[in-house]
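Here the structure comes first, spelled out in structure tokens, and everything after it is commentary.
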Number of protein chains: 2
Amino acid sequence: MSSTQTDTKTRILDTTWKLLESGNKNVRMSDIAKAVGISRQALYLHYPNRADLLIATTRHIDSVKDIDGRLAESRAAKSGKDRLSAFIRAWVGYIPEIHGTSVALRAMQATDAEAAAAWNDRMQAMRHGCAAAVKAIKDDGLLLPHLTEDTATDLLWMILSVENWERLVRDCGWSQADYEATIQTLAHKALSG
Amino acid sequence: MSSTQTDTKTRILDTTWKLLESGNKNVRMSDIAKAVGISRQALYLHYPNRADLLIATTRHIDSVKDIDGRLAESRAAKSGKDRLSAFIRAWVGYIPEIHGTSVALRAMQATDAEAAAAWNDRMQAMRHGCAAAVKAIKDDGLLLPHLTEDTATDLLWMILSVENWERLVRDCGWSQADYEATIQTLAHKALSG
DNA sequence: TGTCAACTTTACATCGTGTCAAGCGGTTCG
DNA sequence: CGAACCGCTTGACACGATGTAAAGTTGACA
């Protein structure tokens, strides 16, 4: 509860964030400790293991960047298509912020069940946003007839995946703006023709 | 050159394939050795490291399943759109075969440069197929005007990624047939409206 | 009989995670 | 003042997986 403890915990999260987002793959516990300026063991006094630290880091980013608030804005849109656009805009703006953490967390999925669950959980939350946008379009009678709400949600979820962002922006060198424009078009075409 | 050596090498590849495709994450060198019926060290007499073994396994799968031949068939199509359909059909049928190996290889990307290069190489080969299909559509004058050949290739490449297959088929429980139908529609819409 | 190849057994180095225990320098409280 | 406590350090170690090294076994073939 003391302010020094809070400070160290926050410093750890900020540092972890920075390291992960610096594109440096293979960020080890010792790397983080060194960057924070504490011993590796002190890290374990604050976070019991690497998975917990990564998860805490994503939550930290969320609160700093107010992702919930940003996604919530899309609910204000009048029409289904506007809502879809707003949701995509919010989500797509969020991806670059969490990309480094996302890579690290996904890399742990294979070996760490807790990490897998944490990442899954976040993706399910995003999926709820997809489902809401799909429902709004359906309510407007604009959902393509051959799509159910579920399959449409799955499809939108797939289109908006972090992996797809990585492929176009990181691997193919697209600008964030090009990526967003293309993905907006693609998503609208996929759902409502 | 002796037939016993070839037999063991082949048995190793077949076993590795089977283990990876059984959905069993975290296939260790010792697991493979045990399944083959040889010592862990004997494995290293045939393949110097895990990355090499995984790469050899994908090449083995390729030759057994004749992926090159199957993808080549798409070149016979008359129209650009037929060509795209044929290419997607061939590739999409291939994904389930290599999925397990793909997961293992991608999991190594973070730590092993050789594994990353191998996976990259295979994806680039697939990308060439995408580029050829895009060119065929463009030659028919059916490529959407706002798309260049390069961006269209990137987009198709993204749509056909193994990760997207995983999301819909494995995570969302789609059948292979549903997946293929949806992805065919999506790809055609994305490129030529 | 001797050699060679394929394989075994045993042992060890390395790297990163995570655990354990003892100690140390402040602050705070009785 | 002194005891307790907190945040941290130092150092050592277990574990699991990969990969290396070396000596020994087995069977085929000449």
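Computed from heavy atoms alone, side chains included, the values below leave out hydrogens, waters and symmetry copies. In what follows, chains carry the letters A, B, and so on, assigned in the order in which the sequence lines appear, proteins first and then strands, with residues in each chain numbered from 1.
No side-chain heavy atom of A:Ile95 sits under 4.5 Å from any side-chain heavy atom of A:Gln176.
The phosphate of C:dC7 (OP1 or OP2) has a side-chain N or O of B:His46 nearer than 4.0 angstrom. At least one side-chain nitrogen or oxygen of B:Thr8 sits closer than 4.0 Å to the OP1 or OP2 atom of C:dC7.
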Might you list the N or O atoms of the protein lying below 3.5 Å from N or O atoms in nucleotides 19-25 of chain C, with each pair's distance?
from, atom 1, to, atom 2, distance (Å)
C:dT19, O4, A:Gln41, NE2, 3.1

With the criterion being N/O to N/O and under 3.5 Å, what pairs connect the protein with nucleotides 13-16 of chain C, and how long is each?
from, atom 1, to, atom 2, distance (Å)
C:dG16, OP1, A:Arg28, NH1, 2.9
C:dG16, OP2, A:Arg28, NH1, 3.4

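Within 6.0 Å of the CZ atom in A:Arg70, the count of heavy atoms belonging to other residues, nucleotides or ligands exceeds 12. By the 6.0 Å contact criterion, CZ on B:Arg170 is enclosed, its count of non-hydrogen atoms from other residues, nucleotides or ligands being greater than 12.
With sequence neighbours excluded, the residues that form a salt bridge (charged side-chain N to carboxylate O under 4.0 Å, His left out) with B:Arg106 are B:Glu163, B:Glu166. Qualifying salt bridge (charged side-chain N to carboxylate O under 4.0 Å, His left out) partners for A:Arg59, counting only residues two or more places apart in sequence or in other chains: none. Not a single salt bridge (charged side-chain N to carboxylate O under 4.0 Å, His left out) links A:Lys18 to another residue, sequence neighbours left out. Applying the side-chain contact (heavy atoms from CB on, under 4.5 Å) rule to A:Ala104 yields the partners A:Leu20, A:Leu54; only residues at least two apart in sequence or on another chain are considered. A:His188 pairs by the side-chain contact (heavy atoms from CB on, under 4.5 Å) definition with A:Lys81, A:Leu84, A:Ser85, A:Gln184, not counting sequence neighbours.
When the local axes at the two ends of the helix from C:dT1-D:dA30 to C:dG30-D:dC1 are compared, using 5 base pairs at each end, they differ in direction by 20° after rounding to 10°.
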Can you give the donor-acceptor pairs under 3.5 Å from side chains of residues 126-136 of chain B to other protein atoms, not counting sequence neighbours?
from, atom 1, to, atom 2, distance (Å)
B:Arg127, NH2, B:Asp154, OD1, 2.1
B:His128, ND1, B:Gln124, O, 3.2
B:Lys135, NZ, B:Asp139, OD2, 3.0

Pairs of donor and acceptor atoms involving the side chains of residues 142-149 of chain A, under 3.5 Å and at least two apart or interchain, shall be tabulated with distances.
from, atom 1, to, atom 2, distance (Å)
A:Thr148, OG1, A:Asp150, N, 3.4
A:Thr148, OG1, A:Thr151, N, 3.0
A:Thr148, OG1, A:Thr151, OG1, 3.0

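Counting only residues at least two apart or in different chains, salt bridge (Lys or Arg N to Asp or Glu O under 4.0 Å) contacts with residues 22-46 of chain A comprise A:Arg28-A:Asp31.
Distance B:Ile12 CD1 to C:dA6 C1': 11 Å, rounded to the nearest Å. Going from atom CG of B:Leu54 over to atom C1' of D:dT18 covers 13 Å, rounded to whole Å. The separation between B:Tyr47 atom OH and C:dC7 atom C1' is 16 Å, rounded to whole Å. Rounded to an integer number of Å, the gap from A:Leu43 CG to C:dT17 P is 10 Å. Nucleotide D:dA21 holds its C1' atom 12 Å from the CG atom of B:Leu45, rounded to whole Å. Between the CG atom of B:Asp31 and the P atom of D:dA17 there is a distance of 8 Å, given to the nearest Å. In this structure, the CD1 atom of A:Ile38 is 18 Å from the P atom of D:dC6, given to the nearest Å. Straight-line distance from the CG atom of B:Asn26 to the P atom of D:dG16: 14 Å, rounded to whole Å.
Ring orientation note: the planes of B:Trp17 and B:His60 are nearly perpendicular, at an angle over 60° on the 30°/60° scale.
Sorted by residue number, the list of members of residues 99-121 of chain B with any non-hydrogen atom under 4.0 Å from DNA chain C is empty.
Taking a cutoff of 4.0 Å between a charged side-chain nitrogen and a carboxylate oxygen, B:Lys78 and B:Asp82 qualify as a salt bridge.
Without hydrogens or angle criteria, B:Gln109 side chain to B:Glu114 main chain gives no donor-acceptor distance under 3.5 Å.
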